[in-house]
Engineer: 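Structure provided below as structure tokens; questions to follow.
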Amino acid sequence: MKKLLTALSMVLVFAMLLSAAASAAGANSDTLVNWDIKITTPEDTTAVLKGNNYYIYPQTEGYIPYVMVTVYNLVRDTDKAFFDEFTDYMRGEYADLRVTAGPEQKTIGSKACSECDYSYTISGGNVVTDRRIITVHGGRTYMFASKEVAARDLTVGDLLEQVVRDAVFLSDKEEDLLPIENGTDDKTDSTGNPSTTTEAGDSAAALMYLYCQDNGMPKYWLDLTGVMSHNPVLHCYFRSGDPTFYESWFILDLETADRTGDTISFRNVYDSHGFDHSNWFRMLTIRQEGDSLVMSVSRDERTLAGGGEDNILTGEYVMKPMGTGVVYEYRDNAAQVTYRLNLDTQDILLYKITSSGEQQVYTLDLNTAEQEDDYLLSIHTVYDEAGCDVSDSFRSLMLSDVEGAILMVAESDARSGNVIIPSNVYLFEPKTFFVPLKSGPYTADELGVMAQQYYMKNHGFFPPKADVEQNKDGSFTIHLYEVVDLDGVKHTATSAWYTVNAYGVGADDIYETPVILTR
């Protein structure tokens with residue numbers, strides 16, 4: 001079992017591994033401790049770990065063709081059962097998805113694998129060949145994939161098989177381990193299936209931990225990714241004057257902390273502006289218990305500005321392991337988020353957020369983009385939500401990496417009559433968010449809780465009620481609401497209606513906008 005002390009002390013290592021801009025050219029081996037795997041990147045390739053996916057490009061440009069590696073903290077009874085679920089998920093992503101081969105069992109090197117191949121059309125009318133190879137090890141399913149466009153000679157040859165063959169599981173090769181123990185204990189529920197609550201295996205392998213109140217509302221979550229800070233980051237939801245919530249975060253300083261066994265006692269706590277709030281606490285410790293982290297707080301009552309849900313209060317909070325995601329946000333002079341970038345997709349998604357909170361989504365096509373050097377990407381093709389080409393709105397659109405943040409330089413063309421983004425330089429700061437460890441399919445109850453948390457993260461209000469009904473086509477309709485008393489008469493105040501599939505992907509029935517409950 002990995003130790004909490006080591007997990008927190010390794011934040012800097014995790015930050016390096018998870019950086020969206022970390023790259024390696026030439027022959028190299030990247031050790032991903034939290035995935036229990038070492039991946040060899042062949043000579044003349046470029047490797048990037050971005051979000052939950054590890055990409056290997058056989059060319060300098062960061063788009064198709066490529067090989068991708070990801071890991072699922074679950075195992076199904078058969079490989080076919082896994083691919084049945086995965087194919088359902090892919091159909092939700094690509095309307096014209098075709099299964100072209102498999103699933104078929106094969107042996108690559110010494111690994112027992114299964115392969116299923118797909119094809120579908122992406123923006124620009126290109127048909128993608130998408131091969132997926134899985135192998136099971138240590139209670140996890142490892143997926144290796146390649147994406148190619150044969151019509152444009154964008155292929156990877158035998159790179160996919162080469163990466164599968166050369167991958168090494170750390171628990172099988174002790175000399176490759178960093179100086180921490182490897183924990184791959186199988187976690188199963190009463191039916192013998194992988195547990196949905198302990199799928200992370202060892203808690204030290206997780207990078208986020210969440211504490212929810214009895215009604216399922218998120219309250220505190222601990223971020224160990226290193227994306228926002230090399231120190232642990234404690235995120236807190238505080239109640240505003242109205243029923244909504246706002247999120248604040250605090251830096252827990254490791255350098256001045258006291259370490260005793262599996263417990264770390266923090267002496268210095270800073271808010272997001274760098275102000276020292278250490279005098280708030282008589283004690284703030286974090287210790288490991290099984291798959292969870294336990295945060296113990298003893299407040300100095302003289303520093304309390306409020307009570308109830310308005311403060312970090314004295315208590316003990318069991319924080320469960322969660323998955324992690326990263327988006328990049330640009331804030332205007334009023335500190336409002338006006339643009340958001342999502343890099344963890346087939347193409348780059350640019351969200352334009354209006355003052356009323358509505359979102360317009362634009363796709364930055366990576367197939368036609370040009371990478372001018374290691375950290376500079378020139379975008380040539382942009383599509384709106386209807387799939388219309390709006391590239392003429394820009395004279396140029398450039399993206400580059402600046403110490404983990406994304407710098408976007410936009411030069412608009414007013415002659416097009418459709419200025420999507422005013423000409424300016426925009427700095428997108430990374431923001432982490434928690435997602436379920438389980439990748440789906442989800443039960444009705446799980447989807448209800450995810451919908452409540454999704455609404456809170458995106459709208460600042462936690463709907464106390466969630467009714468979920470399964471439809472004949474297998475989808476789920478979710479009603480989020482609260483019951484209010486107006487002059488002695490009870491009314492239902494609706495927050496949202498969502499219809500989603502078993503993977504939480506669907507639409508907002510009121511606004512007819514896309515919904516992904518894990519985002």
Side-chain angles (χ1 to χ4, degrees), residues 23-28 30 39-72 79 82-83 86-87 89-106 108-109 111 113-135 141-167 343-349 363-371 377-381 383 387:
S23 62
N28 188 41
D30 284 340
I39 302 173
T40 297
T41 56
E43 187 176 359
D44 297 325
T45 64
T46 299
V48 178
L49 185 61
K50 189 168 61 177
N52 296 319
N53 301 319
Y54 181 91
Y55 297 90
I56 303 172
Y57 300 106
Q59 74 291 330
T60 57
E61 297 86 354
Y63 51 86
I64 291 176
Y66 60 75
V67 167
M68 181 183 75
V69 185
T70 191
V71 61
Y72 297 89
D79 292 346
F82 179 93
F83 274 121
F86 184 75
T87 300
Y89 162 76
M90 290 286 281
R91 286 199 175 99
E93 296 288 308
Y94 306 102
D96 67 336
L97 181 79
R98 298 175 296 280
V99 179
T100 56
E104 177 186 0
Q105 293 184 343
K106 57 173 56 179
I108 301 177
K111 299 179 181 68
C113 305
S114 289
E115 178 174 349
C116 189
D117 298 346
Y118 305 91
S119 69
Y120 46 82
T121 305
I122 60 173
S123 56
N126 295 301
V127 176
V128 171
T129 298
D130 188 334
R131 299 174 59 200
R132 303 278 172 157
I133 296 174
I134 64 170
T135 186
T141 300
Y142 292 82
M143 177 178 284
F144 301 80
S146 67
K147 297 198 178 188
E148 305 172 288
V149 179
R152 297 181 57 188
D153 294 325
L154 300 175
T155 57
V156 298
D158 64 352
L159 179 60
L160 176 60
E161 284 79 5
Q162 185 178 350
V163 172
V164 176
R165 184 191 67 232
D166 293 343
L343 307 184
D344 195 22
T345 58
Q346 177 73 44
D347 294 302
I348 296 176
L349 298 183
T363 299
L364 312 186
D365 184 14
L366 291 181
N367 286 308
T368 58
E370 292 183 79
Q371 189 161 344
L377 189 68
S378 179
I379 303 296
H380 296 301
T381 310
Y383 299 95

Engineer: List for me each residue that meets ring pair (Phe, Tyr, Trp, His ring centres under 6.0 Å) alongside F82, sequence neighbours excluded, and say none if there are none.
Structural biologist: Y72
Engineer: Run the side-chain contact (heavy atoms from CB on, under 4.5 Å) test against R165 and tell me which residues pass, sequence neighbours left out.
Structural biologist: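 Partners of R165 by the side-chain contact (heavy atoms from CB on, under 4.5 Å) criterion, ordered by chain and then number, come out as I108, Q162.
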Engineer: Checking T135 now: which residues fulfil side-chain contact (heavy atoms from CB on, under 4.5 Å) with it, not counting sequence neighbours?
Structural biologist: K111, C113, Y142, F144, F169
Engineer: Applying salt bridge (charged side-chain N to carboxylate O under 4.0 Å, His left out), can you list everything that pairs with E161, at least two apart in sequence or on another chain?
Structural biologist: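 Result, salt bridge (charged side-chain N to carboxylate O under 4.0 Å, His left out) vs E161: R131.
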Engineer: Between R132 and D130 (side chain of the first, backbone of the second, donor and acceptor by atom type, cut-off under 3.5 Å), is there such a pair?
Structural biologist: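 Judged by distance alone, no pair lies under 3.5 Å.
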Engineer: In chain order, what residues pass the side-chain hydrogen bond (donor to acceptor under 3.5 Å, both in side chains) check against R91, with sequence neighbours excluded?
Structural biologist: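 Result, side-chain hydrogen bond (donor to acceptor under 3.5 Å, both in side chains) vs R91: none returned.
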Engineer: Sequence neighbours left out, what passes side-chain hydrogen bond (donor to acceptor under 3.5 Å, both in side chains) with T100? Give chain and number order.
Structural biologist: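 Expected list: none.
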Engineer: Once side-chain contact (heavy atoms from CB on, under 4.5 Å) is applied, do any residues pair with E93, and if so which ones, sequence neighbours excluded?
Structural biologist: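 Y89, V505.
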Engineer: Show which side-chain atoms of residues 148-155 pair as donor or acceptor with protein atoms under 3.5 Å away, not counting sequence neighbours.
Structural biologist:
{"from": "E148", "atom 1": "OE2", "to": "V156", "atom 2": "N", "distance (Å)": "2.7"}

Engineer: Taking side-chain hydrogen bond (donor to acceptor under 3.5 Å, both in side chains) as the test, write out the residues that go with T381, two or more places apart.
Structural biologist: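 Scan of T381 (side-chain hydrogen bond (donor to acceptor under 3.5 Å, both in side chains), adjacent residues dropped) gives T368.
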Engineer: Answer yes or no: is there a side-chain heavy-atom contact under 4.5 Å between S146 and L159?
Structural biologist: no
Engineer: Is the shortest heavy-atom distance from the side chain of I39 to the side chain of V163 under 4.5 Å?
Structural biologist: yes
Engineer: With sequence neighbours excluded, what pairs up with D158 under the side-chain hydrogen bond (donor to acceptor under 3.5 Å, both in side chains) test?
Structural biologist: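 Scan of D158 (side-chain hydrogen bond (donor to acceptor under 3.5 Å, both in side chains), adjacent residues dropped) gives none.
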Engineer: To check you understand the geometry: which heavy-atom pair defines the closest contact between G102 and C116, and what is its length?
Structural biologist: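 Looks like C-SG, 4.3 Å.
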Engineer: Rounded to the nearest 0.5 Å, how far does CD1 of I133 lie from CD of E104?
Structural biologist: 10.0 Å
Engineer: Can you sort out the partners of S114 under side-chain contact (heavy atoms from CB on, under 4.5 Å), two or more places apart, ordered by chain and number?
Structural biologist: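 Per chain and number, S114 pairs via side-chain contact (heavy atoms from CB on, under 4.5 Å) with D79, F83, Q105, I134.
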